[in-house]
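What follows is a set of notes on a single structure, which appears directly below.
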4 protein chains.
Amino acid sequence: MSEDKKLHIIEATNRVIYRMGIAGTTMRRIADEAGLSTGALYHHYKSKEEILYDAMDRSLSVSTRIAEEVQQGKYSRGEVIKRISENVKDRFNKIDDNRMQFYLAQEAILGNEEISNQLKVKYKKWIGHTEELLQRLYEKQPGKYNKAIASLLIGAIDGIVMQTLLGVANTDEIEDICEVYHKLLVEGIPKLLEAWDE
Amino acid sequence: MSEDKKLHIIEATNRVIYRMGIAGTTMRRIADEAGLSTGALYHHYKSKEEILYDAMDRSLSVSTRIAEEVQQGKYSRGEVIKRISENVKDRFNKIDDNRMQFYLAQEAILGNEEISNQLKVKYKKWIGHTEELLQRLYEKQPGKYNKAIASLLIGAIDGIVMQTLLGVANTDEIEDICEVYHKLLVEGIPKLLEAWDE
Amino acid sequence: MSEDKKLHIIEATNRVIYRMGIAGTTMRRIADEAGLSTGALYHHYKSKEEILYDAMDRSLSVSTRIAEEVQQGKYSRGEVIKRISENVKDRFNKIDDNRMQFYLAQEAILGNEEISNQLKVKYKKWIGHTEELLQRLYEKQPGKYNKAIASLLIGAIDGIVMQTLLGVANTDEIEDICEVYHKLLVEGIPKLLEAWDE
Amino acid sequence: MSEDKKLHIIEATNRVIYRMGIAGTTMRRIADEAGLSTGALYHHYKSKEEILYDAMDRSLSVSTRIAEEVQQGKYSRGEVIKRISENVKDRFNKIDDNRMQFYLAQEAILGNEEISNQLKVKYKKWIGHTEELLQRLYEKQPGKYNKAIASLLIGAIDGIVMQTLLGVANTDEIEDICEVYHKLLVEGIPKLLEAWDE
DNA sequence: TATGAATGAGAATTCATTCAT
DNA sequence: GATGAATGAATTCTCATTCAT
């Protein structure tokens, strides 16, 4: 039960998931990809579910999101916004990670509770970070709507990622969307926050 | 191929999805739930996918319909925004249909061309309508970024839908998000559009 | 039960067979092609088998082969051979008929006894005609092997037709094959017949 | 994927075809006959068609083998012709395999690309070998018509096979046909080749 | 540890035929 | 005569899991 072998299997699993989706990931394909027999997989994991869970678990613990690293730095307002925008643009281009992320969400939505719970925790963390970021950026006290804004900002990225994966949005359009997203952070959101003060 | 019978099948499908999730939705179960034989299903739909797509289509086409009504100039600016907001809130509550949409998106991303094309058409319609709506609402000439804004507005909804399905956002938070979305339409977007004029 | 309607159904059936083969010919497709409902078919024929049989029966009674019309004429030896060659070349180009013919043979081989019997009769007739032709051409008394030669001459055409349908032989090659077939009649067969005399 | 097990499946398949005809040959019946589960069949072959193709291939590839042996120069001219004749006679007796070949040809003609390609390869090989054989037998340089002659020789066999399957030719007649075929190789074809030289 | 053949339940889909309207 | 919705058995194929070697 060496950790090495497990990692080998998980890496093979990831490659299969990337190509075939989670529903298309069969034990035989994992075995083929890993250069093992199906029987061998059962020496390391006691079921397919366990393999998938391990794969998804490891995948989730790697993925990063806006705000995570920015938070600790001591950047100026302008620098922070710039870094966020870069980060966002970057995310749209990491097709591999997006695909995997989307599959994970899919699996959760289809009824895999364990993955669902993990993703829930992740999203709550991401939203929390973004919320804090908003406060730092616009020097506002925690307002009733900061969390909602954070959710929308995160959600918008997921939505655009889906459009990219679906082939609805092409590269040029993504450029524009990034610019709008940037402008939204600089102009739209502050305006929104002011609006509630009045 | 009476519309009634199709509706009957779709309703049965929805009940099965509600109880068993998409992954547990088989033709046999749909048939049983509808009180039909499996063969009968194929009399009305030529594949399982077609049933699922129709189920999704019927509910999500509401959003398109509203945008179309608005286009025909039946409403004042205030009314339009109100209706959009209502529509968005409505969409967040259709859990089963949203699940289905994500399932179909997955199929599309994994290479199902039929579904892919249908979804592409749907998204392009949504984005197109939203774009026109933006122009009418803010009396702007078609700008370079109107499409990008529309994509983001649609994407944000999908993203929030995903958060809802994952159980990240609860009912109260959805309320807040709707309100922010509303505010964004009223205050944020106009501000954004102005910003490019300066 | 008007003959007209039956003919209409049979023509539709033939078009379906041509496109889909006999195995791919379903009642629904026949109905669609004929512009009728499946139920209506059962008013005119009591089963699918009966329709297919009728279609094939009519098809067989139309098809012609080398020798049939030549026999009655009073052509010279050279003219007869020329006409046969033309006839053969012609046959290779009538893809539609060949296809149908092949399907019929197929159906018979797969176990349809009635068609098998009809085809058997046809082939015996064709072979008989060809045999007589050989005698007229080479002024030989009915020899032990004339029938075998006739069978081979007929068979060769069927075999080449199959190669054409399979896409093994292209148009240029068919030209050559026709020429060889011609030469065979003129030079090869007489030599063969002589050989036995010696 | 032991060759033994494959052979076992093929033998079972042949028995089923013999009893039920190709149309009545289902995976379940093959499995039952072989004493296996249907799933097991798919462990060795990836589709029903592959099983049928293999069944046909195994028996008909004998002809190819002989042509290959001959090519390697193991036999004298007389022996070669004798072996070819024996081979041809043999082929006429393999009723089940011939049935299968016609069934597969039908599939190919109707658009099954996989089978179509396999058969095309097979035929091109047969024709190619026969062509080379002609050159060796008659010590002729590659002539324009050698390929056409080869095609006709192969085609004639298929045509006679079809007559056998249809029950047009009985055992005695097959004897005669074989003899004529033999004579054709010995006397007819050389004469033909000479004819072009003059 | 490792193999890979075998299992067996269950999936989607097809289709000739029937029958109430 | 005509319709077309419905039947239900049969078909091919998939796949997680087991187990003798």
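Chain A is the first sequence line, chain B the second, and so forth, proteins listed ahead of strands; every chain is numbered from 1.
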Residues passing the side-chain hydrogen bond (donor to acceptor under 3.5 Å, both in side chains) test with Arg99(A), sequence neighbours excluded, are Tyr103(A)
_Taking Glu11(C) first and then Lys5(C), would you say they form a salt bridge - that is, a charged N and a carboxylate O separated by under 4.0 Å?_
no
Can we say Asp32(B) and Arg28(B) salt-bridge, meaning some charged N sits less than 4.0 Å from an Asp/Glu carboxylate O?
-> no
In numerical order, the residues of residues 9-20 of chain A whose heavy atoms come under 4.0 Å of DNA chain F are none
Atom CD of Glu107(D) and atom P of dT12(F) are separated, to the nearest Å, by 12 Å
side-chain hydrogen bond (donor to acceptor under 3.5 Å, both in side chains) filter on Tyr53(D), not counting sequence neighbours, yields none
Closest to the side chain of His43(D), out of dA6(F), dT3(E), dG4(E), is dG4(E)
Only residue of Val16(B), Ile17(B), Leu104(B) satisfying side chain to side chain contact (heavy atoms under 4.5 Å, CB included) with Ile22(B) is Ile17(B)
**Item:** Expected output: side-chain Lys48(A) to main-chain Thr25(A) donor-acceptor under 3.5 Å
**Value:** yes
* To do: Mark yes or no for whether Glu50(B), through its side chain, and Lys46(B), through its backbone, hold a donor-acceptor pair below 3.5 Å.
  => yes
Separation of dA5(E) atom P from Asp32(A) atom CG, nearest Å, is 12 Å
Rounded to whole Å, CG of Asp4(C) lies from C1' of dG1(F) at a distance of 15 Å
**Prompt:** Looking at Lys5(B), does any N or O in its side chain come under 4.0 Å of the phosphate oxygens OP1/OP2 on dG4(F)?
**Reply:** no
Rounded to whole Å, NE2 of His8(C) lies from P of dA2(F) at a distance of 11 Å
- [ ] Report yes if at least one side-chain N or O of His44(A) is closer than 4.0 Å to OP1 or OP2 of dA2(E); otherwise report no.
- [x] yes
Ile51(C) CD1 to dC15(E) P, in whole Å, measures 15 Å
Next on the checklist: For the backbone of Ala34(D) and the side chain of His8(D), can you confirm whether one donor and one acceptor N or O come within less than 3.5 Å of each other?
Outcome noted: yes
Heavy-atom nearest nucleotide on DNA chain F taken for Gly35(B) and for Thr26(D); more 5' hit belongs to Gly35(B)
Of the listed dA2(F), dA6(E), dA2(E), the closest approach to the Ala40(C) side chain comes from dA2(F)
| message | Using only atom types and a distance under 3.5 Å, with no angle test, would you say the side chain of Asn98(B) pairs donor to acceptor with the backbone of Lys94(B)? | response | yes
Could you check whether any side-chain N or O of Arg29(B) sits under 3.5 Å from a backbone N or O of Gly24(B), counting only pairs where one atom can act as donor and the other as acceptor? yes
note: Leu52(C), atom CG; dC15(E), atom P; distance rounded to Å ~ 13 Å
In whole angstroms, the gap separating P of dC15(E) from CD1 of Ile22(C) amounts to 15 Å
Rounded to whole Å, the OH-C1' distance (Tyr45(A) to dA16(F)) equals 17 Å
Result for 5'-nearest mapping on DNA chain E, choosing between Leu41(A) and Lys48(C), is Leu41(A)
Applying side-chain hydrogen bond (donor to acceptor under 3.5 Å, both in side chains) to Asn14(C) and not counting sequence neighbours gives none
Regarding the side chain of Met27(B), the nearest nucleotide among dT13(E), dA2(E), dA16(F) is dT13(E)
Atom pairs, protein N/O to nucleotides 18-21 of chain F N/O, distance under 3.5 Å:
none

- Query: Taking NZ, NE, NH1 and NH2 as the nitrogens, is one of them in Arg58(B) or Asp97(B) under 4.0 Å from a carboxylate oxygen of the other?
  - Reply: no
Base-pair string, DNA chain F, Watson-Crick plus G-U, cut-off 3.5 Å on both distances, | for inter-strand, is .||||||||||||||||||||
Considering only heavy side-chain atoms of Ser37(B), the closest of dT3(E), dT17(F), dT7(F) is dT7(F)
